[in-house]
Engineer: 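Starting off with a structure, shown below.
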Amino acid sequence: MRLATWNVNSIRSRIDRVTGWLERADVDVLAMQETKCTDEQFPTMPFAALGYEVAHVGHNQWNGVAIASRVGLDDVQLGFDGQPAFNDVDEARAIGATCGGVRVWSLYVPNGRTVQDPHYAYKLEWLAALRNTATGWRDTDPAAPIALVGDWNIAPTDDDVWDMAVFTHSTHVTAPERAAFRAIEERFADVVRPFTPGPGVYTYWDYTQLRFPKRQGMRIDFILGSPALEARVTHGEIARDERKPGKKGTPAPSDHAPVFVDL
DNA sequence: ATGACTTAAAAATTAAGA
């Protein structure tokens, strides 16, 4: 089974690129983040035409997460227990489903904006709540293959950004964010890193400043697996080619590349 | 060259991204 995650940065403007990659890469399950649409606006037909069922949660033009699967899509859950709200608004940042025997969670961790912004405290609170709830999933059934995948908006080590000097006062690299990520990694391992050693290996490149052709990116998209899932991983990869511009007349790329594993 | 940011909402700009 091939399981992938991809921050698509608007599914409506990226639909042809997403379905095209699903076909070319022979993907069974795709977790998407930043669909940037409501459930009504989500383009389910192109997925259905390729044999994928889709579960999506999106409230407006912000956030939005989905799971597309051609190996079953059961027990869909919108949001995780204890997921914090931002300014009393529940955001579409987590969706879970069981696909081909694997419990998959598509996660879009809050950005944080700046370290002084309330969004940063929200980000840390969100990660702590996820750790707490996900630990419960694992402890309830230690043999369950669970995948926590998505855009984590954290570069866990200095090797995961192209130049630490540029990020001195930025979110994504602060000690509290890294500690929050490590606390989850203690229980759910990064199952892609063993196949994609760094430094200089990234999943995101800013649209500005020619960051992609200059290979100036960040590694912030991860597939974390419970011990039972980790034991089944045979391959991991970052589909860097999907960040390349399309030919004339084809959709622009997302600023994130897909990340996938084979089980 | 892969090339100097992109998206959605709304109707000119703004909010957001990381």
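Residue numbers start from 1 in every chain, and the chains themselves are labelled A, B, ... in the order their sequence lines are given, proteins ahead of strands.
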Engineer: Think Ser13(A) has a side-chain N or O under 4.0 angstrom from the OP1 or OP2 of dT6(B)?
Structural biologist: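 No, no such contact exists.
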Engineer: Using the ring of each side chain (for Trp, its six-membered ring), is Tyr52(A) parallel, tilted or perpendicular to Phe47(A), with breaks at 30° and 60°?
Structural biologist: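 It falls in the perpendicular class, over 60°.
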Engineer: So Ser10(A), base contact, sugar-phosphate only, or nothing? Heavy-atom distance under 4.0 Å.
Structural biologist: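 Sugar-phosphate contact only - Ser10(A) comes under 4.0 Å of backbone atoms but never of a base.
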Engineer: Pick the P atom in dA10(B) and in dT14(B), then give their distance to the nearest Å.
Structural biologist: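 One P to the other, the span is 16 Å.
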Engineer: Starting at atom CZ of Arg215(A), determine the distance to atom C1' of dT2(B), rounded to an integer number of angstrom.
Structural biologist: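 Going from CZ in Arg215(A) over to C1' in dT2(B) covers 10 Å.
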Engineer: Report yes if at least one side-chain N or O of His256(A) is closer than 4.0 Å to OP1 or OP2 of dA18(B); otherwise report no.
Structural biologist: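 Answer is yes, contact under 4.0 Å.
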Engineer: Without decimals, in angstroms, what is the distance between Phe86(A) CZ and dA15(B) C1'?
Structural biologist: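 So the two atoms are 12 Å apart, to the nearest Å.
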Engineer: Classify the nucleic acid contact of Arg14(A) as base, sugar-phosphate or nothing, counting any heavy atom under 4.0 Å across all strands shown.
Structural biologist: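 Sugar-phosphate contact only.
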Engineer: Base, sugar-phosphate, or nothing: which does Glu177(A) touch, judged by heavy atoms less than 4.0 Å apart?
Structural biologist: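 The answer is nothing, as Glu177(A) stays clear of every strand by at least 4.0 Å.
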Engineer: What's Asp117(A) touching, base or sugar-phosphate or nothing? Going by heavy atoms closer than 4.0 Å.
Structural biologist: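 Nothing: the residue Asp117(A), judged by heavy atoms under 4.0 Å, touches no strand.
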Engineer: Could you tell me how far apart Lys123(A) (NZ) and dA18(B) (P) are, to the nearest whole angstrom?
Structural biologist: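 It is 9 Å, rounded to the nearest whole Å.
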Engineer: Roughly, in whole Å, what's the span from OH in Tyr122(A) to C1' in dA16(B)?
Structural biologist: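 So the OH-C1' distance, Tyr122(A) to dA16(B), works out to 14 Å.
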Engineer: Which of these nucleotides, dT2(B), dA9(B), dA18(B), is closest to any side-chain atom of Arg12(A)?
Structural biologist: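 Selected nucleotide (nearest to the side chain): dA9(B).
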Engineer: Using a heavy-atom cut-off of under 4.0 Å over every strand shown, decide if Tyr108(A) touches base, sugar-phosphate, or nothing.
Structural biologist: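 Sugar-phosphate only.
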Engineer: Trp126(A) and Tyr108(A): aromatic ring centres closer than 6.0 Å?
Structural biologist: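 Not close enough - the centres of the two rings lie 6.0 Å or further apart.
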Engineer: I need the CZ-C1' distance between Arg219(A) and dA18(B), as an integer number of Å.
Structural biologist: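 Distance, rounded to whole Å: 16 Å.
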Engineer: What contact category does Phe167(A) fall into here, base, sugar-phosphate, or nothing, at under 4.0 angstrom with non-hydrogen atoms?
Structural biologist: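 Nothing: the residue Phe167(A), judged by heavy atoms under 4.0 Å, touches no strand.
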Engineer: With salt bridge (charged side-chain N to carboxylate O under 4.0 Å, His left out) as the test, would you mind laying out the steps for Arg178(A) and Asp158(A) before giving the verdict?
Structural biologist: CA-CA 10 Å; Arg178(A) 287 178 168 176; Asp158(A) 290 359; 2.8 Å; yes
Engineer: With sugar-phosphate meaning primed atoms plus P, OP1 and OP2, does Arg113(A) contact a base, only sugar-phosphate, or nothing at under 4.0 Å between heavy atoms?
Structural biologist: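 The answer is sugar-phosphate, as Arg113(A) gets under 4.0 Å only of primed atoms, P, OP1 or OP2.
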Engineer: Over how many whole Å does the gap from Tyr204(A) atom OH to dA18(B) atom C1' extend?
Structural biologist: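 Spelled out: OH on Tyr204(A) to C1' on dA18(B) is 5 Å.
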Engineer: Nearest to the side chain of Arg93(A), heavy atoms from C-beta on, is which of dG17(B), dC5(B), dA18(B)?
Structural biologist: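 Of the candidates, dG17(B) comes closest.
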Engineer: Would you indicate what Asp206(A) reaches in the nucleic acid, counting non-hydrogen atoms under 4.0 angstrom: base, sugar-phosphate, or nothing?
Structural biologist: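 Since no nucleic acid heavy atom lies under 4.0 Å of Asp206(A), the category is nothing.
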Engineer: Starting at the 5' end of DNA chain B, which residue's closest nucleotide do you reach first, Gly112(A) or Asn9(A)?
Structural biologist: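 Its nearest nucleotide being more 5', the pick is Asn9(A).
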Engineer: Once you apply a heavy-atom cut-off of 4.0 Å, does Asp151(A) come out as touching a base, just sugar-phosphate, or nothing?
Structural biologist: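 The residue Asp151(A) makes sugar-phosphate contact but no base contact.
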Engineer: Taking the ring centre of each residue, are Phe188(A) and Phe222(A) less than 6.0 Å apart?
Structural biologist: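 Ring-ring flag for Phe188(A)/Phe222(A): false, centres at least 6.0 Å apart.
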Engineer: Does this structure show an ion pair linking Glu242(A) with Arg24(A), if we count only N-O contacts that are shorter than 4.0 Å?
Structural biologist: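 Yes, Glu242(A) and Arg24(A) are salt-bridged.
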Engineer: More 5' along DNA chain B: Pro253(A) or Pro213(A), using each one's nearest nucleotide?
Structural biologist: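 Counting from the 5' end, the first nearest nucleotide belongs to Pro213(A).
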Engineer: Between dA9(B), dG3(B), dA15(B), which one does the side chain of Trp62(A) approach most closely?
Structural biologist: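 Of all the options, the side chain of Trp62(A) is nearest to dA15(B).
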Engineer: Between Lys123(A) and Asp117(A), is the closest basic N to carboxylate O distance under 4.0 Å?
Structural biologist: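 The answer is no: the pair does not qualify as a salt bridge.
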Engineer: Hey, is the main chain of Thr35(A) close enough, under 3.5 Å, to the side chain of Arg12(A) for a donor-acceptor pair?
Structural biologist: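 Absent.
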Engineer: Can you measure Gln61(A) atom CD to dG17(B) atom P for me and round it to whole angstrom units?
Structural biologist: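 Roughly 11 Å, once rounded to whole Å.
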Engineer: What's the CZ-C1' distance between Arg178(A) and dA18(B), to the nearest Å?
Structural biologist: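 Between C1' of dA18(B) and CZ of Arg178(A): 14 Å.
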Engineer: Taking the side chain of Lys36(A) as its heavy atoms from C-beta onward, which of dA15(B), dT7(B), dG3(B) lies nearest to it?
Structural biologist: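 That would be dT7(B).
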Engineer: Does a nitrogen or oxygen in the side chain of Gln41(A) sit under 4.0 Å from OP1 or OP2 of dA9(B)?
Structural biologist: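 Yes, because at least one side-chain N or O of Gln41(A) sits under 4.0 Å from OP1 or OP2 of dA9(B).
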Engineer: Spell out yes or no: do the side chain of Asn111(A) and the base of dA18(B) have one donor N/O and one acceptor N/O closer than 3.5 Å?
Structural biologist: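 Checked by distance alone, the answer is yes.
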Engineer: Counting side-chain heavy atoms from CB outward, which of dA18(B), dA16(B), dT6(B) is closest to Tyr207(A)?
Structural biologist: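 Nucleotide nearest to Tyr207(A)'s side chain: dT6(B).
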Engineer: Taking only the P atom of each, what is the distance from dA8(B) to dA18(B) in whole angstrom?
Structural biologist: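 Nearest-Å result for dA8(B) against dA18(B) at atom P: 15 Å.
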